[in-house]
**Student:** 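The structure that follows is given in the form of structure tokens.
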There are 2 protein chains.
Amino acid sequence: MQEKKSARLNEIAVVGHHDHGAQVELTAVLVAVPNGNPVVLTIGAAAALPSGPLESSHRSLQSGLRDWVEQQTGHPLGYIEQLYTFADRDRSGEDPERRVISISYLGLTREEPSRATSSGSWRNWYEFFPWEDHRYGAPPVITDVIEPALRQWANEAAREEKRRQRWQRAIVCFGFDDQNWNEELTLQRYELLYEAGLVEEGARRNGAAGAQLVPGRAMQGDHRRILATGIARLRTKIKYRPVVFELMPPAFTLLQLQRTVEALAGVTVHKQNFRRLIEQQELVEETGQMSSETGGRPAKLFQFRHAVLDEHPVAGTK
Amino acid sequence: MQEKKSARLNEIAVVGHHDHGAQVELTAVLVAVPNGNPVVLTIGAAAALPSGPLESSHRSLQSGLRDWVEQQTGHPLGYIEQLYTFADRDRSGEDPERRVISISYLGLTREEPSRATSSGSWRNWYEFFPWEDHRYGAPPVITDVIEPALRQWANEAAREEKRRQRWQRAIVCFGFDDQNWNEELTLQRYELLYEAGLVEEGARRNGAAGAQLVPGRAMQGDHRRILATGIARLRTKIKYRPVVFELMPPAFTLLQLQRTVEALAGVTVHKQNFRRLIEQQELVEETGQMSSETGGRPAKLFQFRHAVLDEHPVAGTK
DNA sequence: CTTATTATGCTCGGATTGAGTATAATAAGG
DNA sequence: CCTTATTATACTCAATCCGAGCATAATAAG
């Protein structure tokens, strides 16, 4: 039976012989948003994402990650989602025969940043992507550094068509020339800067780190790319799934909810329209209580209507 | 250096010791749509998806898959997208210590189904999911078999709340009680039928295959779940990315394009509105030629405007 | 009692979208 | 040649959605 199966698979198979096994690593993008600050759990001075080898005792990838994170942070993980699996050869500089498979996950938690884990620290994710925060207008770094650097990079191409293509790509990613800023393109923007050699990781690979780098903290290995993947995924997801509530306390005001969404998306939204959307989708219900809060008229407190998870297959903020 | 790194990672790590390596397998959902039939490449009588172990000579997962598929089908793969990575223990019944990591991909090609590969055959994907094709109205199997079976399954639950939850889930997935059919829920529907023991794979696991099964061809292992993942992904993707064109010949009429979209989505669309959408998004341009075709007024031939890939980050059909 | 700040209700116009009507251009059958 | 069937293509209309703003309410601070 075993032999027959192998034979059939090999008829259309990637290879004819088995590899000697790969090392499998789990990497987590753990996100929380305490009072309007989007933070991610990092380890050590190199700002690595928490990760470790897959243990054989784990029943599944998901449950393994969940157990581990809950034990470490002391808070339940509300939401877990697989992000991407990397397996490129050059990721590990060691034995080129032994490949590292890196399976990355996005996890949402209500962890307070004050309660630090043994050696981990929660960092604002815009430290790594200063150009992604447009809540207070477009960051100056875009027009001061990124735009000229990308224009130069575009002009370095040999052929005219290539130059035009490069610049077109920059326009789409960063919204130059009055184009709109699209907050969901976080990964594409990082990859563009990487290719242009404008972030440390990209310059590392290209050898010559000649060009001036764009501000923004680097991470270990390709972890900044994984983080960019997680941010992009979360920014699209909140629009059609009620995942923001995994980041909220049990009771909250609508403004707190809005601030959380804005922190994730990196853009501001129209307050009245935001409320209209939330209410007409019936995502929340009043708790009956009010919030004293920071100056101004007291606000009603709301809680997530958990029944929506049963009802709507799609529903989200914006 | 190596030692320091390991020590740091272990502070927050999934485990304290290394596994002895896992076997990595690539699995492909290869899709084509020759004249309105959505087909998928399967291998052998058990209808397995093509798969094989990852070879160490491959530079990356993506390139490995691409090389292999193009060699086998003789056609270039227009589009590749990673679907999901499975690593559950019980997937392979053999050595429980040696885990199989299965990385699945979705690939789109213009392969003609007539040109069969050595032992592979292209099958209409609705053979595996008869309840997913609503192009000619809702399939009778839904009201005749699925609805009563799911109602019974719901009623088998011990507690009242659980019964209500189960039935609510069935309503959302299949659109009972005048709810709308949502074609994107392919995976959720399959998982529901699986849990209810109404598909062969689910009955297999539950041991007693007592209940009457829903019609639909099973696949090897969990390949039908992977296929459901691919279909669901494709159905959502065509709405905001111009991936359909990877499945089209160089020149096509708007009706052919519409039929392809409908084949994938499993629902029909309003013809005039479909054209309006395609044109206002400037996804296509006239070739200048007309098509003789099947009776009726000749139609203009169009081709994909490749420039949109540079321009729009988002654009799709519907 | 004025000012600042936040909460909340409501309106309005433009864009999008679902659904239909109308007309044009061809082939096939008589 | 004329009718019918079939497909292509243009245009209309209304409901809804959505961005943006106005207006008012309720609190704290000075």
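Proteins get letters first, then strands, A, B, ... in listed order; numbering begins at 1 in each. Here the structure is a predicted model, which means the values were calculated and not measured.
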**Student:** Could you pick out which residue, A:Arg297 or A:Asn273, lies toward the 5' side of DNA chain D when each is mapped onto its nearest nucleotide?
**Tutor:**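 By nearest-heavy-atom nucleotide position, the 5'-most residue is A:Asn273.
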**Student:** Check whether any side-chain N or O of A:Lys271 sits under 4.0 Å from OP1 or OP2 of C:dT6, and answer yes or no.
**Tutor:**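 No, no such contact exists.
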**Student:** What's the CD-C1' distance between A:Gln280 and C:dT8, to the nearest Å?
**Tutor:**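 A:Gln280 atom CD is separated from C:dT8 atom C1' by 16 Å.
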**Student:** Minimum heavy-atom separation for A:Pro139 and A:Pro130, please, with both atom names.
**Tutor:**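 Closest approach of A:Pro139 to A:Pro130: CG-O, 3.6 Å.
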**Student:** In whole Å, what is the span from the CG atom of B:Leu254 to the P atom of C:dA24?
**Tutor:**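 Taking CG of B:Leu254 and P of C:dA24, I get 20 Å after rounding.
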**Student:** Which part of the nucleic acid does A:Leu255 contact within heavy-atom distance under 4.0 Å: base, sugar-phosphate only, or nothing?
**Tutor:**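 Counting heavy atoms under 4.0 Å across all strands, the contact made by A:Leu255 is with sugar-phosphate only.
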**Student:** Between D:dA8, D:dA20, C:dT8, which nucleotide gets closest to the side-chain atoms of B:Arg275?
**Tutor:**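 Minimum distance to the B:Arg275 side chain belongs to D:dA8.
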**Student:** Could you check how far OH of A:Tyr240 sits from C1' of D:dC17, rounded to whole Å?
**Tutor:**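 In whole Å, D:dC17 C1' and A:Tyr240 OH are 21 Å from each other.
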**Student:** Select base, sugar-phosphate, or nothing to describe what B:Lys300 touches, counting heavy atoms under 4.0 Å on all strands.
**Tutor:**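 Sugar-phosphate contact only.
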**Student:** Who does D:dT6 pair with, Watson-Crick or G-U, both distances under 3.5 Å?
**Tutor:** C:dA25
**Student:** Could you please name the option among C:dT17, C:dA7, D:dA23 that lies closest to any side-chain atom of A:Gln272?
**Tutor:**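 Nearest to the side-chain atoms of A:Gln272, counting from C-beta on, is D:dA23.
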**Student:** Once hydrogens and angles are ignored, does a donor-acceptor distance under 3.5 Å link the base of D:dG19 to the side chain of A:Arg276?
**Tutor:** yes
**Student:** Output the rounded distance in Å from CG (B:Leu257) to P (D:dA8).
**Tutor:** 12 Å
**Student:** Heavy atoms only: give me the nearest A:Glu132-A:Thr186 pair and the separation to one decimal.
**Tutor:**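 Nearest pair, atom of A:Glu132 first, then A:Thr186: OE1-OG1, 3.3 Å.
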**Student:** Closest-nucleotide mapping onto DNA chain C: is B:His270 or B:Leu277 further toward the 5' terminus? I mean the 5' end.
**Tutor:**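 Its nearest nucleotide lies further toward 5', so the answer is B:Leu277.
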**Student:** Relative to A:Trp181, does A:Arg235 satisfy both conditions: NZ or CZ under 6.0 angstrom from the six-membered ring centre, and within 45 degrees of the ring's axis?
**Tutor:**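 No, a cation-pi geometry is absent between A:Arg235 and A:Trp181.
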**Student:** Scan the side chains in residues 167-176 of chain B for donor-acceptor partners under 3.5 Å anywhere in the protein, sequence neighbours excluded, and list what turns up.
**Tutor:**
from     : atom 1 : to       : atom 2 : distance (Å)
B:Arg169 : NH1    : B:Glu195 : OE1    : 3.2
B:Arg169 : NH2    : B:Glu195 : OE2    : 3.0

**Student:** When you get a sec, tell me which of C:dT26, D:dT7, C:dT17 is the closest nucleotide to the side chain of B:Pro298?
**Tutor:**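 So the side chain of B:Pro298 is nearest to C:dT26.
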**Student:** Of all the choices, D:dG19, C:dA7, D:dT9, which nucleotide is nearest to the side chain of B:Ala299 once you look at every atom?
**Tutor:**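 Closest nucleotide among those given: D:dT9.
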**Student:** Can you say whether the rings of B:Phe245 and B:Phe252 are parallel (under 30°), tilted (30 to 60°) or perpendicular (over 60°)?
**Tutor:** tilted
